[in-house]
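Below: one structure, written as structure tokens.
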Amino acid sequence: RKEVEQDPGPFNVPEGATVAFNCTYSNSASQSFFWYRQDCRKEPKLLMSVYSSGNEDGRFTAQLNRASQYISLLIRDSKLSDSATYLCVVPISGGYNKLIFGAGTRLAVHP
Amino acid sequence: DAGVIQSPRHEVTEMGQEVTLRCKPISGHNSLFWYRQTMMRGLELLIYFNNNVPIDDSGMPEDRFSAKMPNASFSTLKIQPSEPRDSAVYFCASSLAVGYGYTFGSGTRLTVV
């Protein structure tokens, strides 16, 4: 199993739709997780942190399932501006703050 | 806070030339990371430092690549000699501590012709 796996997409959804991405990880000792957003030709930017069972920020909800080793990102009421690539990020155990970035899931929101 | 600052933003160089990329991390962050991103391979970790000490350079593609962090506020990634396959966007990122995630710079878009 890869350290981090994501469906590359693209997910094409209309404005206002609800969309969910899943990400699986192999390191069962991982404690803190992240979702990053990357726009075309820009740097990745931290979207949400997930430290326990989940986290919610406005239209965005991230959930963690430790038993099944996956995290999810739910976007409600999609906006055109949500179009981007969403990267799932998992820490590597052993200290030194090393994170593994997934290949990303592309989201395209259309009018 | 100015964020992570990288220079130059764009670099076009001829094959065989030396290229030096620069990074200034966020003040107070104790970890610094160099990444390379291409369409084919995605985001690859090249090397990372903790408290200015290189911890893991297993991602450095070959001896042509080297990185230094002489102090807490500056790091360089050098490619000598450069090759066309080195063309990519190179990101620098820094982190406050374990569990805080990374903050990325705007990247350097390198083209080797």
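The sequence lines fix the lettering, A, B, ..., with proteins before strands; numbering per chain opens at 1. Quick caveat, the model's predicted, so the values are computed rather than measured.
Leu74(A) and Val13(A) fall into different hydrophobic clusters, where Ile, Leu, Val, Met, Phe, Trp and Tyr side chains are chained together by heavy-atom contacts under 4.5 Å.
Counting non-hydrogen atoms of other residues, nucleotides and ligands closer than 6.0 Å to CG of Asp63(B) gives a total of 12 or fewer. Residue Arg106(A) qualifies as open at atom CZ: its count of foreign heavy atoms under 6.0 Å is 12 or below. When the shell of 6.0 Å around CD of Glu62(B) is examined, it contains more than 12 heavy atoms from other residues, nucleotides or ligands.
Contact of Ser31(B) with chain A is made through the side chain alone, with heavy-atom distances under 4.5 Å. Neither the backbone nor the side chain of Arg41(B) has a heavy atom closer than 4.5 Å to any heavy atom of chain A. Interface residue Gln37(B): only side-chain heavy atoms are found under 4.5 Å from chain A. Heavy atoms closer than 4.5 Å to chain A are found nowhere in Asn51(B), neither backbone nor side chain. Contact annotation for Phe33(A): neither backbone nor side-chain heavy atoms come within less than 4.5 Å of a heavy atom of chain B.
Summarising the hydrophobic clusters (Ile, Leu, Val, Met, Phe, Trp, Tyr; side-chain heavy atoms under 4.5 Å, direct or chained), the residues clustered with Leu21(B) are Met15(B), Val19(B), Leu32(B), Trp34(B), Leu46(B), Ile47(B), Phe49(B), Met60(B), Phe65(B), Met69(B), Leu77(B), Ile79(B), Tyr90(B), Leu110(B), Val112(B).
How far OG1 of Thr85(A) is from CG of Leu43(B): 11.5 Å, rounded to the nearest 0.5 Å.
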Listing, residues 91-104 of chain B side-chain donor-acceptor contacts under 3.5 Å, not counting sequence neighbours, or none:
unit_1: Ser94(B); atom_1: OG; unit_2: Ile26(B); atom_2: N; d: 3.4
unit_1: Ser94(B); atom_1: OG; unit_2: His29(B); atom_2: ND1; d: 2.7
unit_1: Ser95(B); atom_1: OG; unit_2: Asn97(A); atom_2: ND2; d: 2.7
unit_1: Ser95(B); atom_1: OG; unit_2: Ala97(B); atom_2: O; d: 3.3
unit_1: Ser95(B); atom_1: OG; unit_2: Gly101(B); atom_2: O; d: 2.8
unit_1: Tyr102(B); atom_1: OH; unit_2: Asn97(A); atom_2: O; d: 2.7
unit_1: Tyr102(B); atom_1: OH; unit_2: Leu99(A); atom_2: N; d: 2.7

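Residues Glu43(A) and Val4(B) have side chains not in contact (no heavy-atom distance under 4.5 Å, counting atoms from C-beta outward).
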